Q: 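Pasting in a structure now, in structure tokens, and then I'll have a few things to ask.
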Amino acid sequence: MSKLESTKRHILIIKKLRQAKQATFAEIAGYLAKESELDGYYDFNVSKRTFQRDVEEIGTIYGIYIKFNFSGMYYFIEEEFEPEVSDRMFEAFDVYHALNVKEQMSQYIYLEQRRPQGTEHLYSLLHAIKNQKRIQFEYTKYYKTHSENRTVEPLALKEFKYRWYLFARDTYDDHIKCYALDRLANLQILNVHFENTDSDWHAKFKHCFGIVAPNAEKPSEVILSFNSLQGKYIKSLPLHHTQQILIDNEDELRISLTIYLTHDFLMELLSYGNTVKVLAPQKLAEELKEQYQSALNQY
DNA sequence: TTCAATGAGTGAGGCCAGTG
DNA sequence: CACTGGCCTCACTCATTGAA
């Protein structure tokens, strides 16, 4: 048996418990047996003793702690500290396996053509943020052909639309700026310490769509009405974590968001074309109207 | 009626031998 | 050599029992 077999088994155990919320050993064993049949190559059937070892290893390796409830006689996952991190880990694992299948599958898989996202910098940047060390890198802006040298104090990382961004204080003018990781090169961590005073970035981005966080204005209550087809997509992939469903019927999906009215958000609304109508605030509806009018004027 | 003692059932974990 | 299964002991929970 290979290392991959036990790793896959770990993932299956976690999957089962995350989906079912709770399961007896018999239910987990049944699930593993079914998955073994489906897989055809690997055998995930194990004894109770090995299962117990798996539970221990899953805790050590993934930080996901499986406990046993004696009154209900079932296993369950103790509240995960950062479930979104585990979600991402399992997604990556699924994709890796889909791409790594033994048979020649490339004819069935079409990968999106895209440039590297700069994720190779993530680890170094996290290290610099955590230890409050200045960093230096070469940065190429979209609208410029040559790169510039920057020395910044890294503060936080944010993901938006499958891209990663670094928020950092530029030592040149002391302003907080946003840098896309895919446009960053020759990253160096300097041995210069700084004090990171504003650390609550979660609160800062709570009502933010995208990567622009206005300093002064307050977030607005936005009400949007999508047609039923687009509504299905919006339900499965919410625009923002503040999204709440107000009306959901055959004619429309009406949602509310508490969000900053940034350029990013306006662009997002424009991309939905005639499938969305802004019901509130009026200011946003007017702005959208202007954008469409000026687009019409082009022809 | 209350509460401690007891036993049954089951998981956790150490140890060891078998297997590929 | 790593992984696994089986055996054994200990730990834990819960239901039952019986004395105060």
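Only heavy atoms go into these numbers, but all of them, side chains included; no hydrogens, no water, no symmetry mates. Numbered from 1 within each chain, the chains take letters A, B, ... in sequence-line order. Just so it is clear, the structure is predicted and the values come from calculations on it, not from any experiment.
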Q: Out of the candidates A/Val222, A/Thr242, A/Ile247, A/Ile234, only one should pair with A/Ile255 under the side-chain contact (heavy atoms from CB on, under 4.5 Å) rule; please name it.
A: A/Ile234
Q: Taking only the side-chain heavy atoms of A/Met73 (C-beta and beyond), determine which of B/dA12, B/dT10, C/dT4 contains the nearest atom.
A: B/dT10
Q: Under 4.5 Å between side-chain heavy atoms, counting indirect links through other Ile/Leu/Val/Met/Phe/Trp/Tyr residues: same cluster for A/Trp164 and A/Ile189 or not?
A: yes
Q: Does A/Arg150 pair with A/Glu148 as a salt bridge, N-O distance under 4.0 Å?
A: yes
Q: Would you say A/Asp54 and A/His10 are linked by a side-chain donor-acceptor pair, where the criterion is simply a distance under 3.5 Å?
A: yes
Q: Of all residues at least two apart in sequence or in a different chain, which pass the salt bridge (charged side-chain N to carboxylate O under 4.0 Å, His left out) check with A/Asp251?
A: none
Q: Within the 4.5 Å heavy-atom criterion, are A/Thr50 and A/Arg9 side-chain neighbours or not?
A: yes
Q: Under 4.0 Å: is that the gap between some side-chain N or O of A/Lys48 and OP1 or OP2 of B/dG11?
A: yes
Q: Could you tell me how far apart A/Lys8 (NZ) and C/dC3 (P) are, to the nearest whole angstrom?
A: 17 Å
Q: For DNA chain C, what residues of residues 26-35 of chain A have any heavy atom nearer than 4.0 Å?
A: none
Q: How close or far is atom P of C/dC3 from atom CZ of A/Phe44, stated in whole angstroms?
A: 16 Å
Q: Regarding A/Asp248 and A/Arg254, does a basic nitrogen lie under 4.0 Å from an acidic carboxylate oxygen?
A: no
Q: Classify the nucleic acid contact of A/Val46 as base, sugar-phosphate or nothing, counting any heavy atom under 4.0 Å across all strands shown.
A: sugar-phosphate
Q: Find every protein N or O atom lying less than 3.5 Å from an N or O atom of nucleotides 8-16 of chain C, and list the pairs.
A:
unit_1, atom_1, unit_2, atom_2, d
C/dC14, OP1, A/Ser71, OG, 2.8

Q: Applying a 4.0 Å non-hydrogen cut-off, can you work out what A/Phe51 is touching in the nucleic acid: base, sugar-phosphate, or nothing?
A: nothing
Q: For residues 60-72 of chain A, which residue pairs pass the salt bridge (Lys or Arg N to Asp or Glu O under 4.0 Å) check, not counting sequence neighbours?
A: none
Q: Using only side-chain N and O atoms of A/Ser47, determine if any of them is under 4.0 Å from OP1 or OP2 of C/dG5.
A: yes
Q: Could you list the residues that satisfy salt bridge (charged side-chain N to carboxylate O under 4.0 Å, His left out) with A/Glu27, not counting sequence neighbours?
A: none
Q: Cluster question for you: counting only ILVMFWY and a side-chain heavy-atom cut-off of under 4.5 Å, with indirect links fine, are A/Leu17 and A/Tyr31 together?
A: yes
Q: Calculate the interatomic distance between A/Phe25 atom CZ and B/dT10 atom C1'; express it in whole Å.
A: 12 Å
Q: When rounded to the nearest 0.5 angstrom, what distance separates CD in A/Gln243 from CG in A/Leu224?
A: 8.5 Å
Q: To the nearest Å, how far apart are A/Ile66 CD1 and B/dG11 C1'?
A: 14 Å
Q: Is there any protein nitrogen or oxygen under 3.5 Å from a nitrogen or oxygen in nucleotides 14-18 of chain B, and what are the pairs?
A:
unit_1, atom_1, unit_2, atom_2, d
B/dG14, N7, A/Arg49, NH2, 3.1
B/dG14, O6, A/Arg49, NE, 2.8

